[in-house]
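Here's the structure we're looking at; comments come further down.
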Amino acid sequence: MPAQPMMDLNDGRSMPQLGLGTWRAAAGEAAAIVRAAIAAGYRLIDTASMYGNEPGVGEGVRGSGVAREELFVTTKLASAAHGHDAALKAFDESAKRLGLERVDLYLIHWPAPRQGLYLEAWKALVRLQAEGRVTSIGVSNFTAEHLRRVIGETGVTPAVNQVELHPRFQQRELRELHGELGIVTESWSPLGQGGLLADPTVKRIAAKHGKTPAQTILRWHLDCGLVAIPKSSNSGRIAENFDVFDFYLDGEDMAAMAGLDDPRGRIGPHPDTFG
Ligand code: A2P
């Protein structure tokens with residue numbers, strides 16, 4: 001198996017660039033999916049307390065036969081637990097459901113700005129990192145405004161911002177800001193929830209490289225310097241999505257992919273109004 005690429009984080013750690021997403025993986029199937037992914041070579045597994053599948057994900061991690069220190073497990077703090085003490089308690093509950101002492105990356109799932117508590121939540125994550133319960137800390141679905149606020153108030157820059165990102169919604173402005181701030185961009189729904197697989201440009205580039213549309217899109221994420229976490233519940237597609245380390249997109253491919261960006265390409269909710 002070719003070595004998988006890693007991304008350096010601003011706290012001196014690193015994380016795998018390609019992982020398994022588990023949003024909409026049912027609680028009952030999560031353990032098997034995670035085991036299949038780890039057997040296929042994945043080392044990054046992403047879940048969230050809101051997904052309701054942490055027990056299955058933890059079971060898959062613990063039963064994978066791969067040493068815990070070789071795996072990188074991410075989970076996320078739900079918006080309902082944004083208070084400082086509520087966040088500390090929510091982390092304990094997530095760790096317990098996962099059956100893990102330590103989580104590699106803990107993210108604030110949504111900023112929920114109308115609630116006005118994400119700064120309190122961020123302070124709790126800073127404390128969890130200082131206590132060693134969480135190795136790296138970051139955020140998800142944060143806009144430039146939310147990022148500037150937490151950094152300005154605490155002096156601690158999130159290691160990662162996980163946002164909706166796929167060829168139809170490329171988030172160029174936010175990625176540029178992340179570059180300036182030293183934040184790794186992680187793409188959720190990297191395949192556009194499957195909706196991009198029939199795109200003619202993607203299909204043409206895939207045929208040129210003898211790869212599938214899903215592999216072509218995931219290669220685009222890697223070649224853009226993004227972390228990507230495609231979700232699949234099918235062991236064949238899980239393996240397919242990890243077989244992307246033997247080719248690169250060239251300048252012409254990248255230019256064609258750039259042309260797929262669409263200001264109306266967002267699929268999920270807007271971070272300013274969700275939660
Ligand atoms: P399934 O779980 O049945 O494989 P995203 O990660 O962008 O949210 O996309 C996830 C969706 O894309 C799921 O519906 C998943 O379905 C589907 N999917 C994931 N990988 C592939 C693939 N290699 N080929 C086709 N569909 C895929």
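Counting from 1, the numbers follow the sequence of the chain as shown. We count ligands from 1, going down the list as the structure has it; atoms in each ligand are counted the same way.
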(request) For ligand 1, list the protein residues that place a heavy atom within a distance below 4.0 Å of one of its atoms, sorted by chain and number. (result)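 Close residues (ligand 1, cut-off 4.0 Å): Ser189, Pro190, Leu191, Gly192, Gln193, Gly194, Leu197, Ala214, Pro230, Lys231, Ser232, Ser233, Arg237, Glu240, Asn241.
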(request) Could you tell me which residues satisfy side chain to side chain donor-acceptor pair (under 3.5 Å) with Ser140, sequence neighbours excluded, listed by chain and number? (result)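 Residues passing side chain to side chain donor-acceptor pair (under 3.5 Å) with Ser140: none at all.
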(request) Verify the distance criterion only: is there a donor paired with an acceptor across the side chains of Ser94 and Glu54 at less than 3.5 Å? (result)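 Yes, Glu54 and Ser94 have a side-chain donor paired with an acceptor closer than 3.5 Å.
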(request) Take the angle between the ring planes of His166 and Phe169 and call it parallel below 30°, perpendicular above 60°, tilted in between. (result)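 His166 and Phe169: tilted rings.
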Could you tabulate the donor-acceptor pairs under 3.5 Å formed by side-chain atoms of residues 30-40, not counting sequence neighbours?
none

(message) Show me the pairs that pass salt bridge (Lys or Arg N to Asp or Glu O under 4.0 Å) and involve residues 129-145, at least two apart or across chains.
(response)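 Applying salt bridge (Lys or Arg N to Asp or Glu O under 4.0 Å) to every pair that reaches into residues 129-145, excluding sequence neighbours, yields Asp92-Arg133, Arg127-Glu131.
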(message) Within the 4.5 Å heavy-atom criterion, are Tyr51 and Val57 side-chain neighbours or not?
(response)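 Contact flag for Tyr51/Val57 side chains = no.
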